[in-house]
K.L.:
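Here it is, the structure in full.
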Amino acid sequence: MIFNLINRKIFTLLKVQYSNMLEYRVEIALWAISGIIPFFMLNIWTNNNLNESINISDVMLSRYFLCAFFVRQFSVVWVVFSFEEDSLMGKVSPYLIQPLNPFFRYFAQHLAEQITRFPFALIIAFFFFIFNPESIWIPNLSILLLSIVSTFLSFLIQFLIQSIVACLCFWTEKASSIERLLFIPTLFLSGLLAPVVSFPSYVKSWIYLTPFPYLIDFPANLLSGNKTNISAGLSMQILWIFLLFPLFKKIWSEGTKKYTAMGS
Amino acid sequence: MNLRKYLKVYKKFLHTSLASELEYKANILVDLITAILSLIGSIFLLSIFFQNNGYIGGWKFEQALIIQGIYTILNGITNTWFNPNLTEIVKHIREGTLDFVLLKPIDSQFFISLKKINPSGFLEIMLGFFLLLFCIRINQINLSLSFLALSLITIICSICILYSLWFFYIYYHYLVC
């Protein structure tokens, strides 16, 4: 009975958010196109034969960057910007009295956006293969499933981090600047612009202890068939989620206690 | 006379927008750290490209840093002047308050594209200049008056192009909204 109720909630939320997202399909298509930066990076790598020094062939590197593009497409998170706006506009108060944590709403919003984005990402991949026909490959089913799981885990990690940052809005009103700060290491260390194997050794010695390489580098390596340690990567992703989730719960309960609606 | 009026109005713009931005002091501090980190990140990425290659497309690492320096300056200008105003315009159009801007007895383009300023971009402009000075030293570029004048003219041209590109977007918004 309770399970049924939760099920219905999730379904309704997703349906509402999906139809909402379909309204903005042109904007989402533009967002998808703006994510093609890995392809520019690929060009820099292969046109200058930079990949010879890191022992990755042109074909493998192009698959890597295509996968990085895909992983990034399905792990984009903007919850802090939505939450900040809602909190500044005073929309959080009505959400708080509903018997549903408002973050489920944002979560459904993100999932719905990913569903909307999927066809556009496929079209971009199709064009990528037209220009790079030699890099076509079909990953086997288990690898495909595993990489979908790890992409989702990467999305979860980023969603949790941003939700924690978003909760800071209860104290500072503007938390998006902290998110912009966190985005810098995410951009440069996650493997979106250069695979982590190419990093100098003084960075590689500590980077695997941070969550960043598990956001894009690990799922992209997995899907593209590059060398990676599957069990270690997945367990690190799960470990980070187990570390971040209690933190989010804690900061959320502290924040809602601190929160007072305007005029109260 | 007219110019003096615009200068006076611009002073007021500066005053009000700086005052409103300084309301969120922690925000500015975080933005400053972000600017420094993003420059470090870019140089880190460049160094990865150059770690086993002396030249990329005929460019040395020290020369490529010049591009990074100019990019940082232009990005700082974008973040200081263009970006905050553009978001403001989009808001005006969405909420229907653009009419009030058009009715004001002042050039609308002047008003709309210079009203807001984000002080945290200044640091980026400064960082870019320092990087350029550093590049001039390590590349042993001889500074002469004509060289400086030419560089200044090209940078001013690029700022004009950047301005036009950013605010071309407004007309796009006019068309779709």
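In what follows, every chain begins at residue 1, and chains take the letters A, B, ... in the order their sequences are listed. Keep in mind that this is a model prediction, so the values were computed, not measured.
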K.L.:
Find out whether B/I48 and A/F188 are in side-chain contact, i.e. whether some heavy atom of one side chain is under 4.5 Å from a heavy atom of the other.
P.N.:
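Result no, sub-4.5 Å side-chain heavy-atom pair not found.
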K.L.:
Flag yes if more than 12 heavy atoms outside B/L145 fall under 6.0 Å of its CG atom; otherwise flag no.
P.N.:
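No, the 6.0 Å shell around CG holds no more than 12 heavy atoms from other groups.
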K.L.:
Check this for me: A/W78, atom CH2, are more than 12 non-hydrogen atoms of other residues, nucleotides or ligands nearer than 6.0 Å?
P.N.:
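More than 12 heavy atoms, drawn from other residues, nucleotides or ligands, come within 6.0 Å of this atom.
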K.L.:
Within residues 37-47 of chain B, which residues come under 4.5 Å of chain A, heavy atom to heavy atom?
P.N.:
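Only B/L37, B/S38, B/G41, B/S42, B/F44, B/L45 of residues 37-47 of chain B have a heavy atom under 4.5 Å from chain A.
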K.L.:
Please check if atom CD in A/E134 has more than 12 non-hydrogen atoms from other residues, nucleotides or ligands closer than 6.0 Å.
P.N.:
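Yes, enclosed.
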K.L.:
Can you find a side-chain donor-acceptor pair between A/S177 and B/N27 that sits under 3.5 Å?
P.N.:
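Yes, B/N27 and A/S177 have a side-chain donor paired with an acceptor closer than 3.5 Å.
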K.L.:
Might you confirm whether atom OH of B/Y55 has over 12 heavy atoms from other residues, nucleotides or ligands at distances under 6.0 Å?
P.N.:
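Atom OH in B/Y55 is not packed in, count stays at 12 or less.
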K.L.:
Using non-hydrogen atoms and a limit below 4.5 Å, what part of residues 201-227 of chain A faces chain B?
P.N.:
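Against chain B, the residues of residues 201-227 of chain A that fall inside the cut-off (heavy atoms, under 4.5 Å) are A/Y202, A/V203.
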K.L.:
Side chain from CB out, backbone as N, CA, C, O: work out which of these in A/L187 comes under 4.5 Å of a heavy atom of chain B, or both, or neither.
P.N.:
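Neither; nothing under 4.5 Å.
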K.L.:
Check the surroundings of atom CZ in B/F110: do more than 12 heavy atoms from other residues, nucleotides or ligands lie under 6.0 Å from it?
P.N.:
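Enclosed.
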K.L.:
Report which part of A/L181 has an atom under 4.5 Å of a heavy atom belonging to chain B: side chain, backbone, both, or neither.
P.N.:
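Both parts, backbone and side chain.
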K.L.:
Checking heavy atoms, do the side chain of A/L182, its backbone, both or neither come under 4.5 Å from chain B?
P.N.:
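Contact with chain B involves no heavy atom of A/L182 at all.
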K.L.:
Surrounding OH of B/Y71 (heavy atoms of other residues, nucleotides or ligands, distance under 6.0 Å), is the total greater than 12?
P.N.:
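It does not: B/Y71 OH has 12 such atoms or fewer within range.
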K.L.:
Locate the shortest heavy-atom distance separating A/R180 from B/T34; write the atom from each residue and the value.
P.N.:
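Minimum heavy-atom separation between A/R180 and B/T34: O-CG2, 3.7 Å.
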K.L.:
Chain A contacts: which residues in residues 146-159 of chain B have a non-hydrogen atom closer than 4.5 Å to it?
P.N.:
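Near chain A, by residue number: none.
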K.L.:
Using only atom types and a distance under 3.5 Å, with no angle test, would you say the side chain of B/Q51 pairs donor to acceptor with the backbone of A/S198?
P.N.:
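Indeed, once roles are kept as given, a pair shorter than 3.5 Å links the two residues.
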K.L.:
Hey, is CZ on B/F50 packed in by over 12 heavy atoms from elsewhere, all under 6.0 Å?
P.N.:
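More than 12 heavy atoms, drawn from other residues, nucleotides or ligands, come within 6.0 Å of this atom.
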K.L.:
Kindly write out the residues that satisfy side chain to side chain donor-acceptor pair (under 3.5 Å) with A/K250, not counting sequence neighbours, or none if the list is empty.
P.N.:
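Side chain to side chain donor-acceptor pair (under 3.5 Å) check on A/K250 returns A/E254.
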K.L.:
Does atom CZ of B/F134 have more than 12 heavy-atom neighbours from other groups under 6.0 Å away?
P.N.:
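Not buried by this count: 12 neighbours or fewer within 6.0 Å.
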